[in-house]
Number of protein chains: 2
Amino acid sequence: MKENSLWSRFQQYFLRYNDLGISMDISRMNFPDDFFRRMSGAADEAVQAMKVLEGGAIANPDEGRMVGHYWLRNPALAPNDEIRSQIEVPNREIFAFAKEVHAGGIKGSTGQKITDLLVVGIGGSALGPQLVSDALASASDPVKVHFFDNTDPDGMAKVLGGLAGRLPSTLVVVISKSGGTKESRNGMLAAQSAFRVAGLDFAPHFVAVTGEGSLLDKTAEAEGWLRRFPMYDWIGGRTSVMSAVGVFPMALQGLDVCAFLEGAKAMDAKTRSDDVPKNMAMLLALMWFYAGDGKGSKDMVVLPYKDRLLLFSRYLQQLVMESLGKEFDLDGKEVNQGIAVYGNKGSTDQHAYVQQLRDGVNNFFVTFLEVHSAGQGDAEVEPGILCGDYLQGFLRGTRTALHEKGRESMTISVPKVDAFYLGSLVALYERAVGFYASLVNINAYHQPGVEAGKKAAALILELQAKALVALESGKEPQTAEQVALAIGAEPEEVYHVLVHLGANREKVKHEMARVPSEDTFVIG
Amino acid sequence: MKENSLWSRFQQYFLRYNDLGISMDISRMNFPDDFFRRMSGAADEAVQAMKVLEGGAIANPDEGRMVGHYWLRNPALAPNDEIRSQIEVPNREIFAFAKEVHAGGIKGSTGQKITDLLVVGIGGSALGPQLVSDALASASDPVKVHFFDNTDPDGMAKVLGGLAGRLPSTLVVVISKSGGTKESRNGMLAAQSAFRVAGLDFAPHFVAVTGEGSLLDKTAEAEGWLRRFPMYDWIGGRTSVMSAVGVFPMALQGLDVCAFLEGAKAMDAKTRSDDVPKNMAMLLALMWFYAGDGKGSKDMVVLPYKDRLLLFSRYLQQLVMESLGKEFDLDGKEVNQGIAVYGNKGSTDQHAYVQQLRDGVNNFFVTFLEVHSAGQGDAEVEPGILCGDYLQGFLRGTRTALHEKGRESMTISVPKVDAFYLGSLVALYERAVGFYASLVNINAYHQPGVEAGKKAAALILELQAKALVALESGKEPQTAEQVALAIGAEPEEVYHVLVHLGANREKVKHEMARVPSEDTFVIG
C-alpha cells in the first residue's frame with residue numbers, strides 16, 4: 001500500500017538525536033535504494049577530510065590557511081595553545097566588555113548609558129550577526145542592534161534616522177576581517193560623520209573587530225577607538241558568526257552566546273560520526289548531491305515555518321553559494337559547481353510561490369524547517385485549534401501537496417528557536433557544506449571569483465576620475481565617445497560613468513539626446 | 001574589436017524613455033541576431049492579447065474573471081462605469097479617511113491621535129504594501145506601518161512587542177480579498193486579543209479591506225468596525241497593490257499614492273506599443289524567454305543596487321512565480337512552466353553569492369536595477385569620490401565580471417526611488433509577466449496549485465482533532481500506529497500531529513523511544 005510504504009520509508013529515513021530533540025526526515029527525497037551504498041566511499045572520504053581539517057591541516061590550500069570555525073565552539077580541539085587563546089581571550093574580553101556596558105560602566109562620550117549598537121559590516125561580517133540578532137531579539141534586550149551593510153548613502157541615512165537622538169547612547173562596531181572592505185570603510189566614515197554632526201567625539205563610541213595590523217586596526221589605534229577585538233586568518237568570513245564577529249554584537253544585545261556555542265558544539269559532536277545514517281550533516285550533503293546530481297542542477301528552497309528564521313535562507317545563500325559555487329575542482333578541472341539557495345518563510349511563501357513549486361518547473365528541492373513549539377501564549381482561533389496549529393498544518397499540508405506532484409522535500413525539526421538550536425542549525429549547515437565540497441572535490445573555503453568584481457569596480461572609479469578631468473578640461477559639451485577617446489577608455493563604460501556623474505554631481509550637466517551616443521556632458 | 005562591438009551592441013539594444021528617464025539595457029544578454037525576428041509573431045500576438053485583456057475580456061478563463069489591474073491607475077480605461085466607480089470611489093474615500101486620521105479627526109478609542117498602522121494580510125495582501133512601505137518610508141511619515149503576515153503566534157508577539165504602549169494610537173487593517181484566508185483570520189484574532197488585553201475596545205480601531213459580502217466583510221459589519229473598503233474579483237491578489245490593498249496603507253503612511261499610480265500609468269502608456277524594440281515590457285518578457293528557452297531553465301536573479309529596493313525581489317517572487325508557475329498551458333497541455341526568482345540587494349549580495357554567479361553553475365541571468373541618484377547628502381569618502389560612487393562602481397564592475405565569464409545580465413535604470421518610479425517598476429513587471437504568459441501560452445491570472453496545500457492543511461487539522469479525541473479516550477500511552485488505527489488515518493501524518501501536540505499541549509505527554517514507531521503519547 002502506498003501510504004504504508006510512506007510510513008515505512010519515513011521510519012527508515014528519519015534520523016533523530018533524542019538528547020537534542022533535533023531530527024531530519026529525508027523520506028520524501030526520492031533517492032533510489034542503492035544510493036547510500038553507491039556514495040559510501042565518497043562519504044567516508046569526506047568524513048576523513050573533515051577530520052584532517054579539524055586537526056589543523058591547511059584545508060584551504062589556495063590561501064594556505066587552516067579552517068578553524070569548529071574550534072570556535074570547542075577551543076579544546078584547537079591544534080595548539082596559541083589558537084586556543086585566540087578564541088578564549090577575545091571571548092572573555094567581549095563578555096567582560098558587554099557586562100560593563102550593561103552595568104553602565106562603559107558609557108557614551110557624554111555619560112549616557114548605552115542603548116544601541118550599530119554594526120558596520122557586509123557579507124560574512126553582517127549576515128551572521130543579522131540572523132542571530134533578528135532570530136533571538138526580545139523586547140527586554142539591553143541593547144538594540146542596527147546595521148550598515150552596504151555602501152548606499154540613502155540606506156545609511158535611513159538607519160541613522162531610526163537612531164535619531166540616540167547617538168550619544170550608541171556604540172558602533174566596524175567589522176572587517178581584512179580591514180580593507182570598501183563598503184565597511186564607507187559605512188565607518190558615514191557613522192563617524194553622523195557623530196560629528198551631532199557634536200559628539202566619535203572615538204569613545206567606536207569598536208573594531210578586525211585582523212591584527214589591518215588598515216582598520218591601525219586606523220582604530222591611531223584614532224583612539226574605545227576597543228579593538230581581533231580576527232584571525234583561520235576564520236573564514238562566512239563561518240565567522242561564532243568568532244568575535246558574531247559574539248560581540250550578540251553579547252551586547254544580551255543574547256546567550258554560551259548557549260549558541262554549546263548548540264554548535266553539540267551538533268559538531270553528532271556530525272563527526274563516520275556512521276553515515278547517523279550523521280545528519282552527511283545525510284544533508286548527500287541529499288544535495290542526490291537532488292542536483294552532484295552538479296547543482298536543482299535549487300535549494302529553504303522554508304522555515306517560523307518568523308524568527310526569516311533571515312536563515314539569506315544566511316545560507318552566502319554559506320552555501322560562496323562555499324560551493326566554484327569554477328575549478330581541487331584537481332584544477334573546470335566544474336562550475338554550486339547550488340542556488342532561496343526562500344523566506346512559511347506559510348507566507350505559500351502565498352508567494354508554492355504555486356510554481358507544485359505546478360511549475362521542477363528545478364528545486366525544498367527543505368522545510370519545522371519548529372515544534374509555537375511559543376508561549378498561543379491562543380485558540382477555533383474550538384480546540386491554536387494559531388500555531390495552522391503553521392504546522394500548512395507545513396505538513398504543503399509537504400504532502402508537493403509530494404503528490406513528485407516534488408521532493410526534506411524536513412529538519414528543532415524543538416524551538418533559541419540560541420542553542422540556532423547554533424545547532426548553523427553548525428549542521430557548516431558541516432554539510434564542508435562534506436558536500438568533499439563529495440564534489442572542491443575547496444569550500446576560498447572565494448576567488450569575488451576579486452574580479454572588486455577590481456572591475458576599482459577600474460570604474462579610476463575611469464570616473466579621469467572622465468571628470470576630461471570634462472573639466474573641455475568647455476564644449478562632449479559625447480561619451482569624445483571623452484573615451486580623450487582618456488583612452490571604452491566608450492560604453494565611459495558613458496555609464498558620465499550618466500552617473502550627471503546624476504550625482506551638480507556641476508555635471510547631462511543633455512539627453514535621441515540615442516546615448518549623442519548624449520552630451522559638460523561642466524556647467 | 002571586441003570592446004567596440006560591446007559599445008555598438010549597447011547602442012543597438014539600449015532602450016530609454018527620455019521623458020521618464022527610465023532605461024533598459026539588454027546588450028549583455030547573448031541572444032542571437034535573428035532572435036527578435038523569430039519572436040515577432042508571438043510578440044505581436046501577446047500585444048494583441050493584452051489589448052483584449054485591457055478591453056475587459058475574460059482574460060482569466062478558469063475563474064471566469066476580467067483582469068483589471070491596469071485600470072486601477074487609469075480608470076478612464078475601465079470597460080464600464082461600474083468598474084470605474086469601483087476604483088474612484090474607494091480611492092476618494094481612503095484619501096479622505098487618511099486626511100482625517102492625519103488631522104486627528106479620526107482618533108483611537110481613548111482619544112489618541114493615530115501613530116501606527118498594523119496591516120494584517122499575507123501574499124498579495126502583504127507583499128505589495130511591505131514593498132511600498134519599506135521603499136518609501138521616511139522619518140517624517142505621520143503613521144508607521146507594521147505587518148502580521150503569517151500565522152506564527154511568536155512572530156505576532158514580536159510585532160506587538162514593537163507596538164508596546166501604542167495600541168491606543170494604532171489602527172489595524174485586515175486585508176483579505178476572499179475574506180477567508182486563515183493566516184489573516186488568525187492575525188485578526190491575535191490583534192483583537194491584544195486590544196482586549198490592553199483594555200481597549202477593538203472595533204473603533206479596525207478597518208477591513210475585502211470583497212463585499214465576504215466572511216470578513218460580514219464580521220467587520222457585525223462587530224461594528226471603524227470602516228470597510230471593498231475589493232473586487234477583477235483584481236488579482238498579486239496585482240492588487242494599486243487597489244485599496246496598497247492604497248489604504250500607503251495613504252495612512254502619508255506616501256504619495258497619486259504619484260505611485262501616475263508612474264504605473266506612464267509605464268503602461270509606453271508598454272502598450274506594438275513596436276517591440278520600443279516596448280520595455282515586451283523586451284523584458286522576450287529576454288526571459290530567451291534566457292530560459294521559454295521553459296524557465298534559468299533562474300532570474302534580481303539585484304537592485306539600493307537598500308530601499310531590498311523587498312523588490314521578494315515582491316517579484318510572487319508576481320512572477322505565482323503567475324508563471326503553471327502545470328498546463330491554455331490548450332490543456334502539461335508544460336510545467338515558471339521562472340524561479342531570487343535576490344536581495346547589491347552590493348551586499350556580491351559578498352554573499354556573486355562568487356557562485358561568476359564561477360559556479362550557470363543557471364541564471366541577472367537583472368541589475370540601477371538607481372541613478374545616490375540621494376541627498378552623499379559624502380566624500382576619498383578625494384573626489386562619493387560613497388554612492390562605490391555603489392555604482394560595484395554594479396558596473398560586477399556586470400563586467402559576470403560578462404567576462406559568459407554570465408548574462410540586463411540592467412534597468414531609474415532616476416531615483418520615489419513613488420512615481422516604484423509605480424513604474426511594478427507596472428513594467430506586471431506587463432512583462434502578462435506578455436511572457438502569452439509567449440508561452442499560459443493563464444497568468446489564476447493559481448490552481450495553491451488550493452492543494454490548503455486542503456491538505458485542513459485535513460491535518462481535522463486529523464489533529466481526531467487524534468486528540470483518541471488520546472483522550474485511552475488511558476495507556478499509545479503509539480502513532482495505534483492512534484492511526486483507531487481513527488483510520490495514515491500513521492505518518494498521525495505521528496507528526498502527535499509530536500506537534502506533545503510540543504504544544506501541556507496535557508499531551510510525548511515519550512521519545514529509540515525510533516518514532518515506538519514513541520508513545522498519552523494525556524497526563
Side-chain angles (χ1 to χ4, degrees), chain A residues 3 7 10 18 122-123 139 150-155 161 186 189 296 307 317-318 321-322 325 327 338 342 348 351-353 355-356 358-361 372-375 378 381 387-388 390-394 396-398 400-401 447 449-450 452-453 456-457 460-461 490-492 500 503-504 512, chain B residues 3 7 10 18 122-123 139 149-155 161 186 189 296 307 317-318 321-322 325 327 338 342 348 351-353 355-356 358-361 372-373 375 378 381 387-388 390-394 396-398 400-401 447 449-450 452-453 456-457 460-461 490-492 500 503-504 512:
Chain A
E3 292 301 339
W7 172 229
F10 170 75
N18 280 14
I122 193 165
N150 200 1
T151 179
D152 175 5
D154 173 66
N186 295 351
L189 294 174
D307 289 357
Q317 279 183 331
Q318 189 198 33
M321 295 174 77
E322 194 163 76
E327 185 171 12
Y342 66 91
T348 308
H351 295 258
Y353 58 77
Q355 165 64 35
Q356 174 164 316
R358 185 176 143 99
D359 284 358
V361 54
H372 284 308
S373 167
D378 192 6
V381 291
C387 185
Y390 268 97
L391 200 58
Q392 158 74 4
F394 285 128
R396 292 291 158 194
T398 300
T400 299
Q447 49 286 327
V450 174
I460 297 285
L461 291 175
E490 315 302 343
E492 194 202 330
H500 171 73
N504 293 282
M512 263 194 248
Chain B
E3 292 302 338
W7 171 229
F10 170 74
N18 280 12
I122 193 167
D149 68 348
N150 199 1
T151 179
D152 175 6
D154 173 65
N186 294 352
L189 293 174
D307 289 357
Q317 278 183 331
Q318 189 197 33
M321 295 175 77
E322 193 163 76
E327 185 171 14
Y342 66 90
T348 308
H351 295 257
Y353 59 77
Q355 166 64 36
Q356 176 164 316
R358 183 174 144 99
D359 284 359
V361 54
H372 284 308
S373 167
D378 191 5
V381 291
C387 185
Y390 268 97
L391 200 59
Q392 159 73 4
F394 286 127
R396 292 290 158 193
T398 301
T400 299
Q447 50 286 326
V450 174
I460 296 285
L461 291 174
E490 316 302 344
E492 194 203 330
H500 171 73
N504 293 283
M512 264 195 246

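Chain A is the first sequence line, chain B the second, and so forth, proteins listed ahead of strands; every chain is numbered from 1.
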How would you list, by chain and number, every residue that makes a side chain to side chain contact (heavy atoms under 4.5 Å, CB included) with E322(A), sequence neighbours excluded? R238(A), Q318(A), Q447(A), V450(A), Q355(B)
I'd like to verify something: which residue of D154(A), D152(A), I460(A), N18(A) has the highest number of heavy-atom pairs under 4.5 Å with chain B? D152(A)
At their closest point, which heavy atom of D359(B) faces which heavy atom of G325(A), and how far apart are they? CB-O, 3.9 Å
Give the minimum heavy-atom separation between D307(B) and N150(A), together with the two atoms involved. OD1-ND2, 2.7 Å
Option in A139(A), G453(A), A352(A) with maximal non-hydrogen atom pairs under 4.5 Å from chain B: A352(A)
Contact winner vs chain A - G397(B), G360(B), A457(B), A503(B), heavy-atom pairs under 4.5 Å: G360(B)
Polar side-chain atom of T151(A) near backbone of L391(B) as donor-acceptor pair, under 3.5 Å: no
In terms of heavy-atom proximity below 4.5 Å to chain A, should T400(B) be classed as side chain, backbone, both, or neither? side chain
Looking only at heavy atoms, the pair that brings N186(B) and C387(A) closest together is CB-SG, 3.8 Å
Among G123(A), A401(A), G393(A), which residue has the highest count of heavy-atom pairs closer than 4.5 Å to chain B? G393(A)
Heavy-atom distance under 4.5 Å to chain A: side chain of F10(B), backbone, both or neither? side chain
Using a cut-off of under 4.5 Å for heavy-atom pairs, which of G375(A), S373(A), G155(A) has the most such pairs with chain B? S373(A)
Looking at every heavy atom in both Y342(B) and Q317(A), which two are closest together, and how far apart are they? CD1-NE2, 3.8 Å
H372(B) to H500(A) - nearest heavy-atom pair and separation: O-ND1, 4.1 Å
What residue, out of Q392(B), M321(B), Q356(B), E327(B), has the most heavy-atom pairs lying under 4.5 Å from chain A? Q356(B)
Do side-chain atoms of N504(B) reach the backbone of A374(A) as a donor and acceptor pair under 3.5 angstrom? yes
Among A452(B), A456(B), G388(B), P153(B), single out the residue with the greatest number of heavy-atom pairs under 4.5 Å to chain A. P153(B)
Could you look at L189(B) and say if it's the side chain, the backbone, both or neither that has a heavy atom under 4.5 Å from chain A? side chain
